[in-house]
There are 2 protein chains.
Amino acid sequence: MRITLLAGGIGAARFLRGLLADSPDAEVTVIGNTGDDLTLYGLQVSPDLDTVMYTLGGGNDEAKGWGRAEETWNALAEIQAYDATASWFGLGDRDIGTHLVRTAMLDDGHTLSEVTATLTARWNLPVRLVPMTDHRVETHVTVEDPDAPEGRRRLHFQEYWVRHHASLPVIDIEVEGIAESTPAPGVLEAISEADLILLPPSNPVVSIGPILAVPGVRDAVLASPAPVVGLSPIVGGAPVRGMADKLLPAIGVDTSAAGVALHFGARSSGGLLDAWLVDERDADAVPRIEEAGIAARAVPLMMTDVPAVAEMARVALDLADAVRR
Amino acid sequence: MRITLLAGGIGAARFLRGLLADSPDAEVTVIGNTGDDLTLYGLQVSPDLDTVMYTLGGGNDEAKGWGRAEETWNALAEIQAYDATASWFGLGDRDIGTHLVRTAMLDDGHTLSEVTATLTARWNLPVRLVPMTDHRVETHVTVEDPDAPEGRRRLHFQEYWVRHHASLPVIDIEVEGIAESTPAPGVLEAISEADLILLPPSNPVVSIGPILAVPGVRDAVLASPAPVVGLSPIVGGAPVRGMADKLLPAIGVDTSAAGVALHFGARSSGGLLDAWLVDERDADAVPRIEEAGIAARAVPLMMTDVPAVAEMARVALDLADAVRR
């Protein structure tokens, strides 16, 4: 079975581990979000690709969810010694090794796809990880700032997210360069040839949103014969992880399991979803989602350990079979 | 007293420590060689500037002579895990912190002089360290290689030096970009306004040579009223440190204390030197050097500890007074 995922970072990586435990023989392609890529001290950083790679490669920091196990932080300590104000992003020494290889390969003219293939080869990934695009795109957020001209300020998404902990009121979110981007090699094929398309519990605004916004990707999902099944990243009215609740209102979406489902929309009415899993705490949302034309089921969605996630994946696959046309 | 040095890396850094111990009140300007700067995985590395900075700032690895104390090597270990063939340069994690700040500032449009001022501010250097030029120059070496087209191959000096341990026969050495370079701000002033110009025991070919080759620098030294006193980097027919013996023959210079003195030449006959210190083992070279018009003295030149170097610096200053015009 060929399964294709549109994936963000930590949520997607943890879901993938469960999916692979449940379906070890599935041929899995992960289309990774690069919308929150950034350049930091000249380093080309791809946070979501790396989180998936480290997690599935067994090199991740399990407690933090991002970054490397057995990490040291000496380069960052030095940067802070030179400039205490400038180093808000978590750049571990081992992680920097990855960024240096990526940066050098990109400087040498390789595409991000080629770089990603080289990097993942070292980690012997049980999936194929491809970036959504080889074009450089960057998510910027416009926030309220009374001290700035016109009361607003524009900053890189990662700066908003990591440095300011999503604490600034968001006016607008824009993925710069997305309109001119094209899908990376293999992306459209992985969608059109899939037996199942999964939306893991990733941030709908800044993880799955940018992937769907690469010209051609949304149309490919709509045209694919494969069922599209998603898992709610919102449980009990709050994100399981991260700060999606700060972003959903900015795009006019209710921070709820049903809100996100309706945002993606039912396939029967021109949207993306055939089916949607919500947490058991959100069982009362199921009728409303089904009414909109999306098959829904309430199950435990907390990714406490791999067996729990495998069970979640199993339900998603069962639901896919139920809605398969 | 204003003292200006034309400085390479380890030899110059250790000499400076002794000079400052002997003359703590001297106003010292160090014109640093950038001829062996390189770009490595996108990082802008200035080995000689950093060696002087770390050594005088108390952050150097005393045993190795280059790099940082209490260094870790995790980024490099990762790079090696991705590509075992590619990581021949010693990039420590703390050292990478310096390179990241330098790279980011250069990318932002700052000059290397500005970067160096920012970096050295953190280390509270007891000297002013200025790069020889803000232009990008790079030393390349042409070596014999029977497997290469026409039997020769061109590589970056650092690759020749660090990766191949200077083991390949050298045909030619070229500092790319040097003819188009200009002295960095303050360089010519530091030479013309000096009370004393010192050539520390640095590599004459790839450390002091590139500084003198920046258009205007040699002429400024020749025109300066300050005495020019050098210390031989060759002791007993071999370099005290490094592999200058592999490079001197390539520019037609005898690997000896007298050979290097005559290469720099006597001021009285259009050369650079007023005086030259050789090691006591090379005392028999003194008459030949003096015959050429360069005051010479034989003293212990091994930089075993700071007091020994301070004594060496004291003799250089005394000799400068003796030859002062």
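So that the names make sense, note that chain A is the first sequence line, chain B the second, and so on, each numbered from 1.
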When only heavy atoms count and the cut-off is under 4.5 Å, which of residues 93-109 of chain B reach chain A? Asp93(B), Arg94(B), Ile96(B), Gly97(B), Thr98(B), Leu100(B), Val101(B), Thr103(B), Ala104(B), Asp107(B)
Hey, is CZ on Arg152(B) packed in by over 12 heavy atoms from elsewhere, all under 6.0 Å? no
Measuring from atom CG of Asn74(B) to atom CD of Glu71(A), what distance do you get when rounded to the nearest 0.5 angstrom? 7.0 Å
I'd like to know which of Gly59(A), Gly92(A), Ala81(A) tops the heavy-atom pair count under 4.5 Å against chain B. Ala81(A)
CZ of Arg136(B): more than 12 outside heavy atoms within 6.0 angstrom? yes
Could you look at Trp123(B) and say if it's the side chain, the backbone, both or neither that has a heavy atom under 4.5 Å from chain A? side chain
Heavy-atom pairs under 4.5 Å with chain B: which of Leu119(A), Thr39(A), Thr72(A) has the most? Leu119(A)
